[in-house]
Amino acid sequence: MFFVYVIKSRNFEFLYKGHCQDLKERLKQHNAGQTKSIKSYIPFDLIYHEQFETRPEAIKREKYFKSAAGRRYLKSKLAP
């Protein structure tokens with residue numbers, strides 16, 4: 001199983017989109033500061049994820065989330 005996920009910084013208006021095989025472990029890595037590019041935004045909460053059978057499917061969905069249309073989709077899904 002592969003996951004596409006969106007995490008949100010607790011202290012900043014910052015969203016990060018990524019993919020992985022072990023969602024729990026990946027969130028631990030982000031919050032431990034092991035992702036240099038987003039280290040200054042920790043801590044993070046998982047706010048959205050989807051599950052896929054293959055890595056190429058997950059990568060395709062992650063790329064969509066990073067597009068303008070994907071950002072609009074996430075905004076509508078995550079709206080209160």
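By convention here, the first residue in the shown sequence is residue 1. Just so you know, these numbers use all the heavy atoms, side chains as well, and skip hydrogens, waters and symmetry mates.
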Stepwise, does the side-chain contact (heavy atoms from CB on, under 4.5 Å) test hold for Arg61 with Phe2?
CA-CA 11 Å; Arg61 189 65 167 171; Phe2 294 87; over 6 Å; no
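- In this structure, the separation between CZ on Phe44 and CZ on Phe12 is 9.5 Å, given to the nearest 0.5 Å.
- Ser9 contributes a side-chain N or O that, together with a main-chain N or O of Tyr41, makes up a donor-acceptor pair within less than 3.5 Å.
- Among residues two or more places apart in sequence or in another chain, the salt bridge (charged side-chain N to carboxylate O under 4.0 Å, His left out) test is passed with Arg10 by Asp45.
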Return a table of donor-acceptor pairs under 3.5 angstrom between the side chains of residues 52-59 and protein atoms on other chains or two or more places apart.
| residue | atom | partner | partner atom | Å |
| --- | --- | --- | --- | --- |
| Thr54 | OG1 | Glu57 | N | 3.3 |
| Thr54 | OG1 | Glu57 | OE1 | 3.0 |
| Glu57 | OE1 | Glu53 | N | 3.3 |
| Glu57 | OE1 | Thr54 | N | 3.0 |

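- Rounding to the nearest 0.5 Å gives a distance of 10.5 Å between CD1 of Ile7 and NZ of Lys17.
- In the hydrophobic cluster analysis, where Ile, Leu, Val, Met, Phe, Trp and Tyr join through side-chain heavy atoms closer than 4.5 angstrom, Tyr16 is grouped apart from Val6.
- A heavy-atom distance below 4.5 Å is found between the side chains of Glu50 and Phe65.
- Shortest non-hydrogen contact noted between Asn11 and Pro43 is ND2-CD, 3.4 Å.
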Mind running side-chain contact (heavy atoms from CB on, under 4.5 Å) on Tyr5 and His30 for me, showing each step along the way?
CA-CA 12 Å; Tyr5 62 91; His30 283 304; 2.8 Å; yes
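- Leu27 is connected to Ile38 through a chain of hydrophobic side-chain contacts under 4.5 Å among Ile, Leu, Val, Met, Phe, Trp and Tyr, so both are in one cluster.
- Contact of the Lys8 side chain with the Glu13 side chain is registered, since non-hydrogen atoms from C-beta on lie closer than 4.5 Å.
- One distance of note links CG of Leu23 with CD of Glu25; it measures 11.0 Å at 0.5 Å rounding.
- Side-chain contact check for Val4 versus Cys20: every heavy-atom pair is 4.5 Å or farther apart.
- Between Phe3 atom CZ and His49 atom NE2 the span is 6.0 Å, to the nearest 0.5 Å.
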List the atom pairs, with distances to 0.1 Å, where a side-chain N or O of residues 68-80 and a protein N or O form a donor-acceptor pair under 3.5 Å, not counting sequence neighbours.
| residue | atom | partner | partner atom | Å |
| --- | --- | --- | --- | --- |
| Arg71 | NH1 | Lys66 | O | 2.7 |
| Tyr73 | OH | Tyr48 | OH | 3.4 |
| Ser76 | OG | Tyr73 | O | 2.7 |

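- For the atom pair CD (Gln29) and CG (Asp22), the distance works out to 8.0 Å, reported to the nearest 0.5 Å.
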